Structure formats: C-alpha cells, structure tokens
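Scroll down for the structure; my scribbles are underneath it.
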There are 2 protein chains.
Amino acid sequence: MNIYDIASMAGVSIATVSRVLNGSEKVSEKTRARVMAVIEKEQYTPNLFARGLDQGTIHSVGIVVPDISDLYMSDCVSVLEKGLEKEGYSCILACSGYDQKSKVSSVQMLLDKMVDALILVGSTYAGKGGGPEETGYIRAAAGKIPVFIVNGIVDGPGIYCNICNDRQAVYEAASFLISHGRRNILFLTNSRSYSALQKLQGYKEGLIRHGIPVSEERILFPGDRIHAVRDYLLNTPLPAFDAVICAEDFLAVGAVKYAHARGIRIPEDLEIIGYNNSSLAISCEPELTSINSRVENLCTNTVDFLVRRLETDEPIPQAADFSGILTFRQTTLP
Amino acid sequence: MNIYDIASMAGVSIATVSRVLNGSEKVSEKTRARVMAVIEKEQYTPNLFARGLDQGTIHSVGIVVPDISDLYMSDCVSVLEKGLEKEGYSCILACSGYDQKSKVSSVQMLLDKMVDALILVGSTYAGKGGGPEETGYIRAAAGKIPVFIVNGIVDGPGIYCNICNDRQAVYEAASFLISHGRRNILFLTNSRSYSALQKLQGYKEGLIRHGIPVSEERILFPGDRIHAVRDYLLNTPLPAFDAVICAEDFLAVGAVKYAHARGIRIPEDLEIIGYNNSSLAISCEPELTSINSRVENLCTNTVDFLVRRLETDEPIPQAADFSGILTFRQTTLP
DNA sequence: TTGTAGGCGTTATCAG
DNA sequence: CTGATAACGCCTACAA
C-alpha cells in the first residue's frame, strides 16, 4: 500500500495525497475529506524511508550510555525518552560500555544510522584526563550533527553540555560534616571520569577550606560492587575515620555494611553520604543521606537544548549547570 | 557524498561501487582495491534511507517497556540491546507507561518506524484479564511483523513469548517456608498483570498443597513505593503472620522496614522473600532472599528467537519458559 | 485547486 | 567482470 494506491482509490494524483498527508493548505475541503477517508480506511502510513530519503531525516536521535542497567543512567534515559518522544523524535539506544574502542564504535554506528543528534549520558564520555585525542571522536561527530552531553564536559563547536555541579555539591557535603565536628573524612570513588574528579576536587576543597589537611590515604577506590566495597574496608589497613563521602550510592551502601560488620554506630560514630539519591539510598538501613544530582532537570534541559538547536535559529548555551541537593536521611546527624 | 561521487572518483560505475560495498564476489581484486581506497579516503557511508527504501528494512527492532527506570526492565533492555547490536540490529526504545492507550500508541509509533520486529518487555503487555480485546493491538502488530514478549504471554500467530515460570518459583518459595514451620504467610503484590497473577497462583498452590487454607486477607496490595509498603503494614489491621512472599523486591524491602519499625527479628520471627534478585536485595539489611527471574536467559533467548525468525526459515517455539531460582540470603532461615 | 515530472541514493536485473 | 537502467515511495517545484 503506497501513495499511488491511495491516489487512485481516491481518484486524485499522488501530489494531492501528499498534500493532505502533510497538512498543506492548498487542498479543497472536499478532496481532503475524500482522501482522508481512503487513508483511514486503508490505515495507510507513508513509508518512512522514502520520506527520509527525500528529507534527509526521520527525526531520530541517538542516545549513548555506557550501561543502561545502571540506576543513574536508566533514570536519565527515562526522562530523555519521554521528552524526545513528546517532541516527535524517536530514540535509538546504544550501550557502549566503558572502553574507548566501543564508545567510538557506538558513536560511529549511530552516525551511520543518520540520527539528527547524539546524546551522550555520563561523564565517562568526557574522558579520563587522557588528553584531547581521547574525546576526538566526539568532536568529529559534532562536526556532522549536534552532540549533547548529560553530566560531562567536552568542549568544541556543536557540543552542548548539561552538568550537575558535583564539585560544589561534595564541597557542601564535606562542609556539612565538618560543621559538626567530623575531621577524618574518607572519600570513596570508583572512577577517574570528569564527574568523579570533580567530586574529589570538592572533597579536597571542603577539607582545605576548613583547615583540614588532605591525606591521599583517605582517598580510596574500594571496588565496583557493594560487597567488594565492604570487604575492602574491612580488610585494608586504614587511618581512623569518622565520616565517609561517596561518589556513588553503592559505595555508601558498602560503607554501611562495613559499619554493621564492625559494630560501628551510624550516624553517631560514623556519618555516611552517598551520591545520586537512588533507590539504593532508601533500601539501605539506616537510609542514606545522599546527594540528588538533578537527573530530571539535567535531562529535561538537554531535550530543550536539542529541540531548540534542531528546530530554531536561537543560539543555545554551550553548557548549563545545576547544583546538587543534599538529601538528608539517617546516615548523618541532623 | 554519495555513490555517484565515489564512482566517478574511482573511475567506475555506481554498480561496481555498490558491489564492493556489499561484498559481491564479482569484482576484480584490482578495481575493488581502487574503490575501497576512495571509500576510505572519503569516509563514505551509504545512505541508510536509500538502502532502506530499496530493501524495506534498516535492521532495527522496537523495544517497548512501560518504564525504563525500573530495575528489572533496564536489566532486560541491557541484555537485549547488547545481543541485538551484536546481530546487527539497532534498537528503538519506547517507554509506554502502563496505561492501555499509551501502550497502543507506542506500538503504533514503532510500527510506523518500520522496525523489523517488536520486543515487549514485561507482563503488563499480557493484559490484566480484561479479555482478548485488551491485547488486540498486539495481535494486530503481529500480523505485520513478529512480536516477542519478555516475561508475558499473549497468544496468536507471530507472537513469541519467553517467560520465567513465576508460578512455580513462588510455589517453591512457599514450600520452602512451610518446610520449616511457617504457616501464616503473607503475599504482597502490586499488580494484576499476567506475571503477578502467576505468582499469586504459585503462592496459593503452595499453601493448598501443604494443607494450609488460603485466606484473602493475607493477600495484600500495599502500595508502589518502599515507604508506602512499610506504612501500610504498620497501619493496617492484619492477621498474625510469620513470613512474607513478595512479587517484587521493593515490596520485600518495605516488609523489612516494617519489621525494623516493630522490632521484629528477621529471619527468626519473620522470614521474607523478594522477587527479581535486584540490587535492592543486597542493599537491604538484612539482605534479601529473593527469586532470580533469569533475565539474562530470558532476554538472550528472545534475541535468539528473533534472529532465527527474521533470518532463517526454521520454525521457532511460540513460547519458552525458564524456571526461577531461589537465591538465599539473610531474610530466610537456612 | 490539482496534476506531471524529476530527484533523493541504493540495489538488482540484464546486457555486454 | 562491468555498466546502464529500472525500481523503491515520497516530496515539491512547476505547469495547467
């Protein structure tokens, strides 16, 4: 069933059918009705590829995430997809993993799919300080279509970033802990991504600002899973500590389990702050104080940027940032 | 940059370029090399829409989930995407929500995108006992392209289902609890989907099989969030109980929090079993015994079915089922 | 207001 | 082994 069939059934030319399909004004009410009747009756939908061939787009955007089963990223994708669908774009999802090669090939794959824009979710796409060649593939992609990064920064023409000010958020978390007397604060992280480094920076600045020396032995990479984190803390010789700030909620859950194993009281003897305010934070016992990284805002704004970039001539900012919000629960003192 | 440009730069016809592009045998090594050189140099990629127009496909599949931020579904999508990408298909993601209207429109949207197949994730697509018209849109879609359902059953030509035998899994969970003396077992659920009803059925059969009467007042719908579940259990007059089986992990976490609030010992005074063996299960304290619903197997098998259906003539089963596995942790006695 | 015809970039069939 | 050429289905000047 194609436009020719509809045309002949309605006794008009394909041009007319095309016009009613695209809502052109220049069709008499009478013929429009007749054509519409046939279209509905036949449940006709125009062939997307033919249309795409002509117009160079089928209104799709590529979303790249390292791991969609990650709580943070699936939250992002959820918001992005809803927003984009509302704006008439479909989402092609690619899970790239964390290694450079597969990130590059995921982006290339999406480019070949002729998407109108690319959204990269997560600061892993901002590189790990490996120099500009690490993000070269992103700049190259941005030369062809606009690229939007959620929670990561890469600069270059055609690249637009929305980030949570992780440094500031962790700085405030550290200040909060210090304000009620904690001085031996551990920092747990699991990555050297842009975002992770910003958090670390916030931690360091928080200490320094309050006259506490930063000691490298309090900055830890305890592993990638809850139990690994717990065991690391149990088995590694560590300086004394009375608080922990974590770059991810699962790290904080690991710290909580460590405390349980050792019989340490939370929050009296040990305060713990997580990051992302995910469902882990409320599953945990006691429930985690955690930093809300504003996924909803970040992603909504990303969609907004994207639509404006693609459909208008307004210039849009290269970057926008949102501040994180400390959400208090039971692993910190009031 | 199109196939004509490449052809003239290489001094051949477009037919020859097309041949080397598609790996045809009938090209001399010499010209193939010459053409390839130009292609690489220009970084030429054929226009997907033109190809799609000719072949009727761009090798994409539509994945529909009610909510990608749900732990279970993002796990599924993760496995599906990886498998499909490996097979050369791209994934168009649609988040349909739970209401009938938007499910129908998500499916229609994907059909309009000319995907080669549809994968529906979650038993919500199997309807809620509202009769066959509830799943009519799925059967209609299956008339055009193959439809695969992960963890739900709809029957009809062109519909292929992969499910976890939820009924059996819960039956075994109930039997296990009964085997060490529990007789007052609550069942917590949050849905009337096919899967949820199967779980309920397994619960009932487990009791009956062991001579325990089923009482409707032990079958509860305590809400959609952890704290709501806890509060429901705290505030609702309930018959005495010494064990809880839950249709979702978050319900079990709610039950754990209820027990904490009441000072009830787990597992001595109350045993709790969750469902899906998600990350909530290990964040919780004590950690949840939970049923592993075999997401990995379900989804891998779905991809396998899909590829066989699309690329071979082998007949494939209308349905395959996997059995759930009880994963023991700290909310049950050994 | 409506219709005709050319073009979008590939693939595939047929001659050569 | 290679090259013309006709589809594929739609959109849109340009004509009528």
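We name chains A, B, ... by the order of the sequence lines, and we start the count at 1 in each one. Since the structure is predicted, the reported quantities are computational estimates derived from the model, not experimental observations.
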message: Using whole Å, what does the distance between atom P of nucleotide D:dC10 and atom CE of B:M114 come to?
response: 9 Å
field: For the student: nearest non-hydrogen atoms of A:A142 and A:I159, plus distance
entry: CB-CG1, 3.5 Å
- request: Could you check how far CD1 of B:I6 sits from C1' of C:dG9, rounded to whole Å?
  value: 12 Å
field: Step-by-step side-chain contact (heavy atoms from CB on, under 4.5 Å) determination, A:V65 to A:V77
entry: CA-CA 8 Å; A:V65 301; A:V77 171; 3.7 Å; yes
task: Assign A:V17 to base, sugar-phosphate, or nothing according to its heavy-atom contacts below 4.0 angstrom with the strands shown.
output: nothing
field: Rounded distance in Å - CD1 (A:I58) to P (D:dC10)
entry: 15 Å
message: What is the separation between atom CZ on A:R34 and atom C1' on C:dG3, rounded to the nearest whole Å?
response: 14 Å
- prompt: What's the closest nucleotide to the A:V12 side chain, out of C:dT10, C:dG3, D:dG3?
  reply: C:dG3
message: For a quick check of understanding: with a heavy-atom distance under 4.0 Å over all strands, which category does A:Y4 fall into, base, sugar-phosphate or nothing?
response: base
- prompt: Of B:R19 and A:F49, whose nearest nucleotide on DNA chain D comes first from the 5' end?
  reply: B:R19
- request: Under 4.0 Å between any heavy atoms, over every strand shown, what does A:D54 touch: base, sugar-phosphate, or nothing? Just pick one.
  value: base
message: Using whole Å, what does the distance between atom C1' of nucleotide D:dC8 and atom CG of B:N47 come to?
response: 13 Å
Touch class at under 4.0 angstrom, heavy-atom based, for B:I14 against every strand present: base
query: Which nucleotide in the set C:dG3, C:dT11, D:dC11 lies at the smallest distance from any side-chain heavy atom of B:I3?
result: C:dT11
query: What is the distance, rounded to the nearest whole Å, between atom CG of B:N2 and atom P of C:dC8?
result: 8 Å
- prompt: In whole angstrom, what separates B:L21's CG from C:dG9's P?
  reply: 14 Å
task: Would you check if the distance from the ring center of B:F148 to the ring center of B:Y160 is below 6.0 Å?
output: yes
- prompt: Counting any heavy atom closer than 4.0 Å, what does A:T16 reach on the DNA or RNA strands: base, sugar-phosphate only, or nothing?
  reply: sugar-phosphate
task: Measure the NE2-CZ distance between B:H59 and B:R51 for me, rounded to the nearest 0.5 Å.
output: 8.0 Å
query: Closer than 4.0 Å, any side-chain N/O of A:S18 to the OP1 or OP2 of D:dT12?
result: no
task: Write down the distance between CG (A:L53) and C1' (C:dT10), rounded to a whole number of angstrom.
output: 8 Å
task: Any chance you could lay out the side-chain contact (heavy atoms from CB on, under 4.5 Å) test for B:N47 and A:L53, step after step, and finish with the verdict?
output: CA-CA 8 Å; B:N47 182 305; A:L53 182 55; 4.3 Å; yes
- request: Among C:dT11, D:dT2, D:dC11, find the nucleotide with the atom closest to the side chain of A:Q55.
  value: D:dC11
